[in-house]
**Student:** 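Have a look at this one.
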Number of protein chains: 4
Amino acid sequence: MTAPQRRNPQTRDAILAAAFELCHERGYAAVTIEGVAARAGVGKQSIYRWWPSKGLLVLDAFRDHLDPRLATPPAADLPLAGLPELLQRTAALLSDPRYGRMLADLVAAAQHDPALAKDFHEKVYRPNREGTLDRIHRAQRAGELRDIDPDLVADLLFGPLWFRLLLMQSPPTPEYANRVIETTLAGLRPA
Amino acid sequence: MTAPQRRNPQTRDAILAAAFELCHERGYAAVTIEGVAARAGVGKQSIYRWWPSKGLLVLDAFRDHLDPRLATPPAADLPLAGLPELLQRTAALLSDPRYGRMLADLVAAAQHDPALAKDFHEKVYRPNREGTLDRIHRAQRAGELRDIDPDLVADLLFGPLWFRLLLMQSPPTPEYANRVIETTLAGLRPA
Amino acid sequence: MTAPQRRNPQTRDAILAAAFELCHERGYAAVTIEGVAARAGVGKQSIYRWWPSKGLLVLDAFRDHLDPRLATPPAADLPLAGLPELLQRTAALLSDPRYGRMLADLVAAAQHDPALAKDFHEKVYRPNREGTLDRIHRAQRAGELRDIDPDLVADLLFGPLWFRLLLMQSPPTPEYANRVIETTLAGLRPA
Amino acid sequence: MTAPQRRNPQTRDAILAAAFELCHERGYAAVTIEGVAARAGVGKQSIYRWWPSKGLLVLDAFRDHLDPRLATPPAADLPLAGLPELLQRTAALLSDPRYGRMLADLVAAAQHDPALAKDFHEKVYRPNREGTLDRIHRAQRAGELRDIDPDLVADLLFGPLWFRLLLMQSPPTPEYANRVIETTLAGLRPA
DNA sequence: CTATAATCGAGACGGTACGTCATGTCTTCTT
DNA sequence: AAGAAGACATGACGTACCGTCTCGATTATAG
């Protein structure tokens with residue numbers, strides 16, 4: 001038993017870059033394994049060897065280009081454990097022309113691709129969700145939030161942002177994120 | 001000189017039924033014009049003659065089977081102009097195994113199909129949205145809601161429901177809808 | 001039940017012509033369904049719709065271009081029922097640069113393609129064989145040949161021609177065919 | 001300056017055995033360098049290092065398993081210098097289920113592989129041919145055969161055998177070989 | 001008794017072609 | 001006309017092998 005040739009990182013990078021660029025220039029629907037292979041100067045097999053589907057490839061390409069932005073900023077000792085900042089950053093990402101459409105398309109593709117859905121959850125959704133829940137906990141312990149199921153709180157805050165991205169023509173701005181959090185904090189009932 | 005034959009309603013119905021059933025049994029991604037034609041016992045041309053794309057066909061099939069459920073119930077003189085009931089009905093629809101997935105798939109497909117997006121907006125989204133805004137107005141005039149941009153209010157209420165349908169594994173239940181409206185009304189700030 | 005669109009003869013001809021030309025210019029091994037489709041300006045499916053394999057396609061292309069030459073000339077009342085002429089024509093065909101190689105390649109491909117073997121037999125081999133056996137019969141009845149199993153006689157006459165085509169570098173010339181028939185008639189035993 | 005490691009005979013044998021067996025079980029067309037490597041438990045490179053093509057590999061595998069049978073038996077002082085025996089042995093080989101098909105496939109492959117054709121000629125065809133010509137010479141000198149071009153004589157005797165192997169469904173039996181030689185000796189002309 | 005260099009297994013890689021599927025357009029014939 | 005049937009050019013799918021390449025591990029002399 002001897003060691004085989006290892007995965008070539010240049011190939012990997014060329015593929016991810018090509019996927020990302022194509023997704024950008026022509027949109028997710030126009031991304032094609034053949035197109036990615038051609039643009040990356042790579043055989044199709046080299047894609048299928050490492051990624052089982054277009055969806056997971058684009059997801060990886062997305063994450064490869066985004067890592068720093070996805071990192072949740074420190075909870076610090078900001079008011080509300082930094083929840084307002086987090087919400088604004090999310091809105092900025094969703095409305096960023098480079099990433100918003102791609103995220104929307106990935107979420108869309110995940111609707112009929114369980115493997116993609118699973119990966120999206122584990123690699124993108126869950127990490128962010130956990131950071132969010134942690135912040136909510138801190139804010140609750142600090143007495144800044146009512147003692148409600150943090151999962152519900154997270155939904156109330158982030159649901160409207162995704163709603164605008166996916167169902168309306170206009171993705172959410174940071175300003176919109178502010179109005180969401182302020183209104184949610186205060187409630188809808190008249191004083 | 002004879003009159004041209006008009007559109008055959010049986011053909012139309014067979015196509016819509018086939019599309020709906022296929023979408024159900026195998027999922028939106030597996031719906032195919034050829035498959036619909038075969039199942040409906042119809043020539044492909046008879047589909048292309050009347051629908052420009054798979055997305056719009058499925059949307060029509062969906063609406064054909066759903067019309068009564070989509071009709072917004074009367075605002076009546078329920079508390080909050082019936083907003084809680086509306087939210088529950090929506091949650092019930094989104095979590096209905098027959099319609100939830102299909103709606104999610106349609107919204108997903110609309111992400112990269114402008115024509116479908118347009119139609120979905122005009123035929124599904126806007127009518128419901130207008131009913132919602134109307135209710136919010138009434139509730140505000142009745143002094144049951146603060147005087148905030150009704151669009152924002154609508155987002156805050158419905159965003160979480162779609163968020164659960166599209167981004168989480170579990171679609172929203174009517175019970176969940178209740179918690180959303182109650183919490184939103186009261187706000188997150190501790191008493 | 002209505003009538004579908006019929007097979008388009010122009011498509012058929014373009015495919016056969018492309019196959020024949022490619023087989024010529026680059027040899028049978030280099031003939032490719034994709035190549036034929038490209039050269040014929042045709043979709044691959046249009047080839048697969050009508051031919052199950054490359055071998056049968058090339059065989060058809062061959063026959064399409066050859067029909068007149070394959071037609072056995074009349075037995076007439078030539079000596080030996082025209083067997084010498086038939087043998088010469090065969091040799092001429094096998095050594096014709098346009099058809100010899102192609103025939104050799106088809107026979108070769110038939111070695112591991114039962115469907116091709118079957119078709120080759122029915123469409124090429126058998127018709128010629130039957131003509132040959134008929135001539136042998138006539139010659140026997142005319143007292144010009146001994147009364148031996150005509151199948152064996154046919155093998156003795158044609159075997160050497162194919163032997164030269166398939167196993168030696170040099171295909172048989174009509175002159176060679178003459179020597180074969182003369183020697184076979186006279187036998188190898190010294191006088 | 002040190003001596004390189006020599007070729008490993010176990011590897012060589014494993015490859016030839018795998019090639020031979022695969023060619024048997026699935027037929028020449030299904031033999032694949034990758035398949036041979038897998039079956040032999042060998043890297044592909046170890047095949048490409050020593051054989052330039054599938055054809056030459058299979059030819060080697062064939063010869064490796066056959067050598068004794070291919071050796072022409074001694075001309076002895078049998079009648080006709082043992083030509084009848086040689087013809088029967090050849091027929092037996094061509095109709096042997098283990099070797100006939102393989103030989104046919106090799107001859108077939110040689111039609112569009114000059115390197116294979118060359119090797120087949122030098123290693124298989126020519127040695128046998130020379131033995132045959134030698135026998136014919138002896139028989140002629142012994143006055144048992146007419147004084148005709150020995151090459152033609154060889155063609156007349158062996159052509160029919162290969163004809164049956166390559167163009168008809170049934171390979172030649174030793175009994176058939178007998179009829180060939182007897183009839184050829186006597187000639188086709190009536191007495 | 002090392003040092004070195006070819007052999008070997010494994011398998012990644014850029015390619016080419018495979019045979020299949022669905023697209024949207026077209027043509028044909030039937031009602 | 002509208003409709004069922006399906007041929008057609010197109011283009012992507014995912015797979016199979018090709019022949020080349022790189023990667024350690026493994027010998028087997030030549031120094």
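Below, chains carry the letters A, B, ... as their sequence lines are ordered, and counting in each starts from 1. Computed from a predicted model, the values in this text were never measured in an experiment. Hydrogens, waters and symmetry mates play no part in the numbers below; they use all other heavy atoms, side chains included.
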**Student:** Rounded off to whole Å, could you give me the CZ-to-P distance for the A/Arg12 and E/dC13 pair?
**Tutor:**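 Computing the A/Arg12:CZ to E/dC13:P distance gives 12 Å.
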**Student:** Distance check needed: E/dG24 C1' versus B/Leu57 CG, whole Å only.
**Tutor:** 14 Å
**Student:** Would you kindly give the CG-to-P distance between C/Asp113 and E/dC18, to the nearest whole Å?
**Tutor:**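 These atoms are roughly 14 Å apart.
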**Student:** Validate the cation-pi geometry between D/Arg7 and D/Trp50: distance from NZ or CZ to the six-membered ring centre under 6.0 Å, angle to the ring axis within 45°.
**Tutor:** yes
**Student:** Roughly how many Å is it from CZ in B/Arg26 to C1' in E/dA22, rounded to a whole number?
**Tutor:** 15 Å
**Student:** May I ask you to establish whether B/Lys54 and B/Tyr28 are in a cation-pi arrangement, using a distance under 6.0 Å from NZ or CZ to the six-membered ring centre and at most 45° from the ring axis?
**Tutor:** yes
**Student:** Tell me the interatomic distance from C/Arg6, atom CZ, to F/dA4, atom C1', rounded to whole angstroms.
**Tutor:** 13 Å
**Student:** Should we count CZ of A/Arg26 as having more than 12 external heavy atoms under 6.0 Å?
**Tutor:** no
**Student:** Without swapping roles, check the side chain of A/Gln111 against the backbone of B/Arg101 for a donor-acceptor pair under 3.5 Å.
**Tutor:**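 No, the answer is negative, given that no donor and acceptor are paired below the 3.5 Å cut-off.
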**Student:** Expected output is a numbered-order residue list: members of residues 31-54 of chain C with a heavy atom under 4.0 Å from any atom of DNA chain E. What is it?
**Tutor:**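 Close to the strand are C/Thr32, C/Ile33, C/Glu34, C/Lys44, C/Gln45, C/Tyr48.
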**Student:** Output the rounded distance in Å from CD (D/Gln10) to P (E/dG9).
**Tutor:** 10 Å
**Student:** Around C/Glu122, counting heavy atoms of other residues, nucleotides and ligands shown, do more than 12 lie under 6.0 Å from its CD?
**Tutor:** yes
**Student:** Specify the residue among A/Pro9 and C/Ala30 whose closest nucleotide of DNA chain E lies further upstream toward the 5′ end.
**Tutor:** A/Pro9
**Student:** Surrounding CD of A/Gln10 (heavy atoms of other residues, nucleotides or ligands, distance under 6.0 Å), is the total greater than 12?
**Tutor:**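 No, CD of A/Gln10 has 12 or fewer neighbouring heavy atoms, counting only those of other groups under 6.0 Å.
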